[in-house]
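Atoms within a ligand are numbered from 1 in the order they appear, just like the ligands themselves.
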Amino acid sequence: MIVNMSNSATPEQINHVIERIKECGYQAHVIQGAERTIIGAVGNGERRSELEALRAAPGVAEVIQIAHPFKLVSRQLREVGTVVDVRGHKIGNGDVVVIAGPCSVESEDQLLETAHAVKTAGANMLRGGAYKPRTSPYDFQGLGVEALRFLDRARKETGLPIVTEVMSESDVEVVAEYADMLQVGARNMQNFSLLRKLATAPKPILLKRGPSATVKEWLLAAEYLLAGGNGNVVLCERGIKTFETATRNTLDLAAVALVKELSHLPVLADPSHGTGLRSLVTPMSKAAVAAGADGLIIEVHPCPERALSDGPQSLDLPGFATLMRELQKEPLRDVKAA
Ligand code: PEP
Ligand code: MN
C-alpha cells in the first residue's frame, strides 16, 4: 500500500501515519520527494483495511494499492530513478557507466595491464572475478583473496572502483572489505540466504538476472535486498536461456526497457555473457544503450585466446578502446522520413 501525503502535510501528520502503519504490523518506508512525502506500507499483515482507512487521516492525499508483488523496488513507490553511488561514481543519473575488466583475475600483471588499458579507454569501473562460479568443478575457480588484493592494487593505481562477485555467505565480509560493489552472479540470483546477508552489507549490490528467471522473479530477488535494508541495488540483464543455440544466451533487451518502467533501480546490460560472442559485444552494447540501459559490463582480456574463462566473449584491449569510441558516437541512427 502507498500512502501519498499531501504537499501541505505537517511532520506530525506524517509521523502519525508512520506510527499507524507500524501499529498495524507493517513496515513503513518513507520516501521524501521534492514536493511531497510518500510512505510505503510493506508486509503481509491482515490489517489492510485499516491501512486503507488512513485515507481519512489528516494530511493524507491518497492511499493506493501497489499493483505488483514487488513493492520497494517498484516505480509506483518511487517515481524518480534511484542513483547508486559507487565510491563517488554514480549509476542511474543518465550517464552511461561502463564497467570493464577480465572475467577472472588470473595474475597481478594480467589485471594491472587490463585495468590501465580500460581506464585509458574511458571505463568508469573495473570488474574482475576472484571467486568464479564455473559450470564444471574442473575449471579454474578463481584466485580468491589473492585476486582481491590484486584488485585493491589496481584500484590504487588507476582510481577505478572495483566490482567483483561474491558467491557465498561466508565470503561476504572479506569481499565487502575490498570491493566497492558486490556482484551477485546469475546462478545465485535466488540464493535467498546470500541476498539476506547482502541486505546488511555496507556496499552497493550488482544483481544479475538468473538465466531462467522471469522479470518478476528478478525484481523479487532485488526486493530481498531492499526489504533487508540495502537500497543501493543495480540490476544487470546478462542473457537468458532460450531455444537459441547460436548465441550463448539471449540478451533480453526488452527486459531492460521493461524493468526501467517497472522499477526505479538502475539497470545495466552485459553483452559479453548475453551473447558469448566477441563480434556481437559492440552492436549489442549500442542496442542496450538505445534501450535505456544505465550502463554496460564488458569482459576485456589482454590476450583472450589465453583467458582462463570466457575468452571467446572477451574483447582485447584495442577492441575495448574501439567499443568506447563507438559508444561515444551518436548511438541511434538517422531515420529518414519519406
Ligand atoms: C561473470 O560476470 O563473469 C559471470 C560469471 O557472470 P554471470 O553470473 O552473469 O554468468
Ligand atoms: Mn565471465
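Taking the Mn ion (ligand 2) as the apex, the angle formed with SG of Cys103 and NE2 of His273 is 180°, to the nearest 10 degrees. The OE2 atom of Glu299, the Mn ion (ligand 2) and the OD2 atom of Asp310 define an angle of 120° (nearest 10 degrees).
Contact check on Arg155 versus Asp152 returns a salt bridge, with a Lys/Arg side-chain nitrogen under 4.0 Å from an Asp/Glu carboxylate oxygen. Salt bridge status for Glu23 with Arg20: present, with a side-chain N to carboxylate O gap under 4.0 Å. A salt bridge links Arg248 with Asp310: at least one charged nitrogen is closer than 4.0 Å to a carboxylate oxygen. The residues Glu173 and Lys197 are annotated as salt-bridged, a charged nitrogen and a carboxylate oxygen being separated by less than 4.0 angstrom. Ion pairing of Arg153 with Glu157 is present here, as a side-chain N (NZ or NE/NH1/NH2) and a carboxylate O approach within less than 4.0 Å.
Looking at Glu237, Arg248, Arg238 and measuring to atom 9 (O) of ligand 1, the nearest heavy atom belongs to Arg238. Residue Pro133 holds the heavy atom nearest to atom 5 (C) of ligand 1 of all those in Gly185, Pro133, Cys236.
With hydrogens left out, the protein atom closest to atom 8 (O) of ligand 1 is Ala186 N, 2.7 Å, a heavy atom. His273 NE2, 3.4 Å is the protein heavy atom nearest to atom 4 (C) of ligand 1. Residue, atom and distance of the protein heavy atom nearest to atom 6 (O) of ligand 1 are Lys208 NZ, 3.0 Å. Here the heavy atom of the protein found nearest to atom 2 (O) of ligand 1 is Arg127 NH1, 2.8 Å.
Follow the hydrophobic side-chain contacts under 4.5 Å out from Val166 and you reach Leu207 in the same cluster. Placement of Leu54 and Tyr26 within a single hydrophobic cluster is found when ILVMFWY residues are connected by side-chain heavy-atom separations under 4.5 Å, directly or transitively. Val86 is not connected to Leu151 by any chain of hydrophobic side-chain contacts under 4.5 Å among Ile, Leu, Val, Met, Phe, Trp and Tyr, and they are in different clusters. Residue Leu72 is grouped with residue Leu265 when hydrophobic side chains (ILVMFWY) are merged at heavy-atom distances under 4.5 angstrom, including chains of intermediate members.
Heavy atoms of Arg209 stay at 4.0 angstrom or farther from ligand 1. By the 4.0 Å heavy-atom criterion, Cys103 is counted among the residues contacting ligand 1.
Distances between N or O atoms of Asp270 and those of ligand 1 include no value under 3.5 Å. Polar contact with ligand 1: absent for Glu165 (N/O pair, distance under 3.5 Å).
Within ligand 1, the atoms closer than 4.0 Å to a non-hydrogen atom of Lys132 are 1 (C), 3 (O), 5 (C), numbered from 1 in the order shown. Counting atoms of ligand 1 from 1 in the listed order, those under 4.0 Å from a heavy atom of Arg187 are 8 (O), 10 (O). The Glu299 neighbourhood of ligand 1 comprises atoms 1 (C), 3 (O), with distances under 4.0 Å to a heavy atom of that residue.
For Glu46, the CD atom is loosely surrounded, since the number of other residues' heavy atoms within 6.0 Å does not exceed 12.
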